[in-house]
> 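Here's a structure for you.
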Protein chains: 2
Amino acid sequence: MTDQTTLALEDFLPYRLTRLTDAISRDFSQAYRARLGLTRPEWRTLATIGQFGTMTATEVGAHSSMHKTKVSRAVAALETRRWLVRTPDPQDRRVERLTLSKTGQKAYEDMVPVARSFETGLLERMTPEERAALLVGLAALERTVLTE
Amino acid sequence: MTDQTTLALEDFLPYRLTRLTDAISRDFSQAYRARLGLTRPEWRTLATIGQFGTMTATEVGAHSSMHKTKVSRAVAALETRRWLVRTPDPQDRRVERLTLSKTGQKAYEDMVPVARSFETGLLERMTPEERAALLVGLAALERTVLTE
DNA sequence: TCGCCATGGTTACGATTGCAACCAATTCCT
DNA sequence: AGGAATTGGTTGCAATCGTAACCATGGCGA
């Protein structure tokens with residue numbers, strides 16, 4: 001029986017999600033920040049361009065859920081590091097085509113197994129039923145939150 | 001069959017969680033920010049003291065997963081608003097006992113149903129099986145992430 | 001073709017944040 | 001009893017972030 005005049009913060013869904021997410025993304029960012037010296041937006045940008053190949057900054061933002069100023073700064077930082085190259089689009093001179101350099105591609109390939117093993121480390125201490133439940137629950141929540 | 005050299009960001013658990021959490025907490029903070037003019041740390045502080053009654057700042061931080069500087073600033077803001085009162089602890093003069101004022105208690109009581117209905121709004125478009133799965137999955141993830 | 005709105009991207013600015021340093025009070029150790 | 005280490009809480013500072021404003025280019029309607 002729940003008390004109607006009180007809210008149990010530790011059971012409140014938005015709070016549980018932020019707490020989990022804070023802990024997980026802090027742990028994960030340590031894993032690559034120490035290794036690669038990347039910030040979170042830079043990591044996401046690397047991951048997105050690595051996944052799709054050449055993209056524009058707007059496309060990176062759309063696919064990684066980042067504000068365009070974040071993308072802009074992350075792209076600038078990765079360019080300074082010479083991990084990506086900007087090429088003017090001949091069709092539309094507002095647009096820049098972003099591509100990973102050889103070094104950037106190498107960094108991406110090093111990063112992928114780190115990310116996979118981090119995720120595995122999270123999931124391996126759950127039972128198969130729990131893992132399945134998590135995926136079902138997250139997909140349902142995404143459906144209700146990220147659409148319409 | 002998954003490509004081993006590439007990471008699908010949209011399937012990567014930490015990314016899915018941050019995206020969901022960003023969207024949910026942005027929506028929710030709009031719900032109370034517009035209504036009450038509270039920041040997120042202030043909301044959490046109000047929610048925590050409202051739930052437990054008198055507490056110290058350290059206890060608020062422990063129960064709401066907030067850094068002590070966040071708590072300190074949120075307490076100062078709520079005090080300026082006259083929603084809470086600090087009382088020196090006679091046993092230990094380092095400690096301040098934090099209590100909601102009458103106005104703060106009223107604000108808390110107004111806030112609780114808003115929070116509940118926000119949560120309900122998230123869950124009501126999921127099936128009962130999906131809701132159950134979400135709770136199982138989150139609990140399992142909390143167990144692996146937030147312990148030891 | 002001209003003017004207006006939309007789009008891609010950058011930048012200035014204020015607000016928020018976490019870290020580290022700090023102060024005061026308490027506890028621990030000898 | 002008296003330092004040294006610990007704890008509760010605050011503040012200075014640098015970094016990060018989002019909003020809004022901005023520049024340049026492109027698309028579109030009259």
Side-chain angles (χ1 to χ4, degrees), chain A residues 18-19 21-23 25-30 32-34 37-45 48-49 52 54-80 84-99, chain B residues 18-19 21-30 32-34 37-45 48-49 52 54-81 84-99:
Chain A
T18 50
R19 186 179 39 160
T21 299
D22 283 354
S25 62
R26 185 172 35 73
D27 289 352
F28 181 51
S29 83
Q30 281 181 347
Y32 59 75
R33 191 160 199 155
L38 288 179
T39 67
R40 257 169 271 216
E42 288 161 23
W43 183 88
R44 274 202 204 180
T45 301
T48 305
I49 304 180
F52 292 103
T54 300
M55 304 184 85
T56 70
T58 301
E59 289 167 345
V60 170
H63 200 266
S64 62
S65 307
M66 286 196 295
H67 193 271
K68 61 181 183 169
T69 62
K70 263 191 187 173
V71 177
S72 174
R73 287 157 181 151
V75 166
L78 291 175
E79 186 188 30
T80 301
L84 72 75
V85 180
R86 309 188 203 222
T87 314
D89 184 319
Q91 315 294 327
D92 183 342
R93 283 184 304 168
R94 293 171 302 181
V95 173
E96 297 173 332
R97 308 178 64 72
L98 306 173
T99 317
Chain B
T18 50
R19 188 179 37 160
T21 299
D22 284 354
I24 290 175
S25 62
R26 183 173 35 73
D27 289 351
F28 181 51
S29 82
Q30 281 181 347
Y32 59 76
R33 191 160 198 156
L38 288 178
T39 67
R40 257 170 269 218
E42 287 161 24
W43 182 88
R44 274 203 203 180
T45 300
T48 305
I49 304 180
F52 292 104
T54 300
M55 303 184 83
T56 70
T58 301
E59 289 167 344
V60 170
H63 199 266
S64 62
S65 307
M66 285 196 294
H67 194 272
K68 62 181 184 169
T69 62
K70 263 191 188 173
V71 176
S72 174
R73 287 160 181 150
V75 166
L78 291 175
E79 186 187 31
T80 301
R81 204 183 284 247
L84 69 76
V85 179
R86 307 187 203 223
T87 314
D89 184 318
Q91 314 294 328
D92 183 342
R93 285 182 302 166
R94 294 170 303 180
V95 172
E96 297 174 330
R97 308 179 65 70
L98 306 172
T99 316

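Here is how names work: the chains are called A, B, and so on, in the same order as the sequence lines, proteins then strands, and each is numbered from 1.
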> For A:S29, enumerate each residue passing the side chain to side chain donor-acceptor pair (under 3.5 Å) test, keeping only those at least two apart in sequence or located in another chain.
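None.
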> As an exercise, state the distance from CG of A:L38 to CZ of A:R44, rounded to the nearest 0.5 Å.
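Spacing of CG (A:L38) from CZ (A:R44) equals 13.5 Å.
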> Between D:dG9 atom C1' and B:E59 atom CD, what is the distance in whole Å?
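Result: 14 Å.
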> Starting at atom CD of B:E96, determine the distance to atom P of D:dT7, rounded to an integer number of angstrom.
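Result: 19 Å.
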> Evaluate B:T56 against B:E96 for side-chain contact (heavy atoms from CB on, under 4.5 Å), listing each step before the verdict.
CA-CA 6 Å; B:T56 70; B:E96 297 174 330; over 6 Å; no
> Does a nitrogen or oxygen in the side chain of A:T58 sit under 4.0 Å from OP1 or OP2 of C:dG9?
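So the side chain of A:T58 is within the cut-off, an N or O lying under 4.0 Å from OP1 or OP2 of C:dG9.
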> Which residue pairs pass the salt bridge (Lys or Arg N to Asp or Glu O under 4.0 Å) test with at least one member in residues 61-79 of chain B, sequence neighbours excluded?
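Every pair satisfying salt bridge (Lys or Arg N to Asp or Glu O under 4.0 Å) with a residue in residues 61-79 of chain B: B:E79-B:R86.
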> Nearest 0.5 Å, please: how far is CD in A:E59 from CD1 in A:I49?
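Here the interatomic distance stands at 10.0 Å.
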> Roughly how many Å is it from CD in A:E79 to C1' in C:dG9, rounded to a whole number?
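Going from CD in A:E79 over to C1' in C:dG9 covers 13 Å.
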> Provide a list of protein-nucleic acid N or O atom pairs under 3.5 angstrom, restricted to nucleotides 17-24 of chain D.
unit_1	atom_1	unit_2	atom_2	d
D:dG18	O6	A:R73	NH2	3.0

> Rounded to the nearest angstrom, tell me the gap between atom CE in A:M66 and atom C1' in D:dT16.
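In whole Å, D:dT16 C1' lies 14 Å from A:M66 CE.
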> Which whole-number value in Å describes the distance from B:M55 CE to D:dG9 C1'?
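From B:M55 CE to D:dG9 C1': 15 Å.
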> Got a sec, which residues hit side chain to side chain contact (heavy atoms under 4.5 Å, CB included) with B:D89, two or more places apart in sequence or on another chain?
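Side chain to side chain contact (heavy atoms under 4.5 Å, CB included) check on B:D89 returns B:Q91, B:V95, B:R97.
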> Can you work out whether B:D92 or A:A57 has the more 5'-proximal nearest nucleotide on DNA chain C?
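With B:D92 and A:A57 compared, the 5'-side residue is A:A57.
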> Atom CG in A:L84, atom CD in A:E42: separation rounded to 0.5 Å?
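Here the interatomic distance stands at 10.0 Å.
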> Anything under 30° is parallel, anything over 60° is perpendicular, the rest tilted; go ahead and classify A:Y32 against A:W43.
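Because their plane-to-plane angle is under 30°, the rings of A:Y32 and A:W43 count as parallel.
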> Provide a list of protein-nucleic acid N or O atom pairs under 3.5 angstrom, restricted to nucleotides 2-4 of chain C.
none

> For the pair made of CG in B:L38 and P in C:dA15, what is the distance, rounded to whole Å?
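So the two atoms are 18 Å apart, to the nearest Å.
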> Of all residues at least two apart in sequence or in a different chain, which pass the side chain to side chain donor-acceptor pair (under 3.5 Å) check with B:T21?
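With sequence neighbours excluded, B:T21 shows a side chain to side chain donor-acceptor pair (under 3.5 Å) to A:T21, given in chain and number order.
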> Within the structure, does a side-chain N or O atom of B:R86 lie under 4.0 Å from either OP1 or OP2 of D:dT10?
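Answer yes for this pair, as a side-chain N or O of B:R86 is under 4.0 Å from OP1 or OP2.
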